[in-house]
Amino acid sequence: MIDDEKQRSLDCRYIRMARIWAENSYCKRRQVGALLVKDKMIISDGYNGTPSGFENVCEDDSNKTYPYVLHAEANAITKVARSNNSSDGATLYVTASPCIECAKLIIQSGIKRVVYSELYHTPDGLELLKKAGIETLLININE
């Protein structure tokens, strides 16, 4: 078992890595990154963007996000589903707290912890995760 100080250090490191991963996003309004970690190994990653095969344009001319844009969490979870890895018992590191739709995917995928570095504009995703008994942790890293 990892002690609290070591876990905090790992959590901060993975959140910083998720922030770097967010830079891969083509979205202009907000770039979000996610890493799925199990047994100290990154088993999946994701960032917000369009589905495979779509043009990498996330917003329309009025700067509104297209409805088909995937959140970083959804990309990481669906990516692990296509691999030989299992997200059961994993920790999700994401730069913004999950929305309600991503929270449902997190619950169903067996993820046990969600560590995030900023709040999404609505708290309903976090509330659902807490109701499901999933640990949530805000780590605010100012760089």
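Keep in mind the model is a prediction, meaning the values are calculated, not measured. All residue numbers in this chain count up from 1 along the given sequence.
The shortest side-chain heavy-atom distance between Y93 and D11 falls under the 4.5 Å cut-off. A 4.5 Å side-chain heavy-atom check between P98 and V114 finds at least one atom pair inside the cut-off. Taking 4.5 Å as the limit, some side-chain heavy atom of I42 sits within range of a side-chain heavy atom of M17. Residues K28 and C58 are not in side-chain contact: their nearest non-hydrogen atoms beyond the backbone lie 4.5 Å or more apart. You'll find the side chain of T50 stays beyond 4.5 Å of the side chain of Y66, heavy atoms only. Side-chain contact between L129 and I106 is present, with at least one heavy-atom pair separated by less than 4.5 Å. For the pair R113 and L92, the minimum side-chain heavy-atom distance is 4.5 Å or more. Looking only at side-chain heavy atoms (C-beta outward), L138 and Y116 come within less than 4.5 Å of each other.
In the hydrophobic clustering of ILVMFWY residues, with side-chain heavy atoms under 4.5 Å counting as a link, I77 and I15 come out apart. Residues I107 and L126 fall within the same hydrophobic cluster, defined by Ile, Leu, Val, Met, Phe, Trp and Tyr side chains chained together at heavy-atom separations under 4.5 Å. One hydrophobic cluster, built from ILVMFWY side chains closer than 4.5 Å, cannot hold both V32 and I139; they sit in different ones. Linking Ile, Leu, Val, Met, Phe, Trp and Tyr whenever their side-chain heavy atoms come within less than 4.5 Å leaves L137 and I111 in two separate clusters. A continuous path of hydrophobic side-chain contacts links L36 to I134 [ILVMFWY only; heavy atoms under 4.5 Å].
In this structure, S109 and S87 approach most closely via the heavy-atom pair O-OG, 2.7 Å. Nearest heavy-atom pair across V94 and A34 is CG2-CB, 4.1 Å. Here the shortest heavy-atom pairing between L35 and A18 reads CD1-N, 3.8 Å. Contact between A22 and G33 at its shortest, heavy atoms only, is CB-N, 3.3 Å. Looking at every heavy atom in both residues, K112 comes nearest to T91 through CE-OG1, 4.4 Å. A103 approaches L128 most closely through the heavy-atom pair CB-CD2, 4.1 Å.
For F54, the ring-ring contact (aromatic ring centres under 6.0 Å, His included) partners two or more places apart in sequence, or in a different chain, are Y68. Residues satisfying the salt bridge (charged side-chain N to carboxylate O under 4.0 Å, His left out) test with K79, not counting sequence neighbours, are D45.
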Report task. For side chain to side chain contact (heavy atoms under 4.5 Å, CB included), just list the numbers for N48 and L70, CA-CA rounded to whole Å, side-chain angles, deciding distance to a tenth of an Å, and then say yes or no. Result -> CA-CA 5 Å; N48 57 326; L70 291 159; over 6 Å; no

Query raised in the report: Going through the distances and angles, do E73 and L105 end up as a side chain to side chain contact (heavy atoms under 4.5 Å, CB included)?
Result: CA-CA 8 Å; E73 307 94 313; L105 292 175; over 6 Å; no

**Report entry** Pair Y120-H71, side chain to side chain contact (heavy atoms under 4.5 Å, CB included): steps then yes or no
**Finding:** CA-CA 12 Å; Y120 188 63; H71 286 188; 3.8 Å; yes

Query raised in the report: Can L10 and R8 be said to form a side chain to side chain contact (heavy atoms under 4.5 Å, CB included), step by step?
Result: CA-CA 5 Å; L10 286 171; R8 170 79 180 176; over 6 Å; no

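With salt bridges taken as basic N to acidic carboxylate O contacts below 4.0 Å, none links E118 and R19. E101 has a carboxylate O that lies under 4.0 Å from a charged side-chain N of K104, or vice versa, which qualifies the two as a salt bridge.
Using modelled atom types, no side-chain atom of S9 and backbone atom of E5 make a donor-acceptor pair closer than 3.5 Å.
Around CG of D4, the count of heavy atoms belonging to other residues, nucleotides or ligands within 6.0 Å does not exceed 12. The number of heavy-atom neighbours closer than 6.0 Å to NZ of K38, taken from other residues, nucleotides and ligands shown, is above 12.
Applying the side chain to side chain contact (heavy atoms under 4.5 Å, CB included) test between S97 and each of T122, V115, L119 identifies L119 as the sole match.
Remark: S25 OG to R30 CZ distance equals 11.0 Å, nearest 0.5 Å. Of the inter-residue distances, the one linking E59 atom CD with Y26 atom OH reads 13.5 Å to the nearest 0.5 angstrom.
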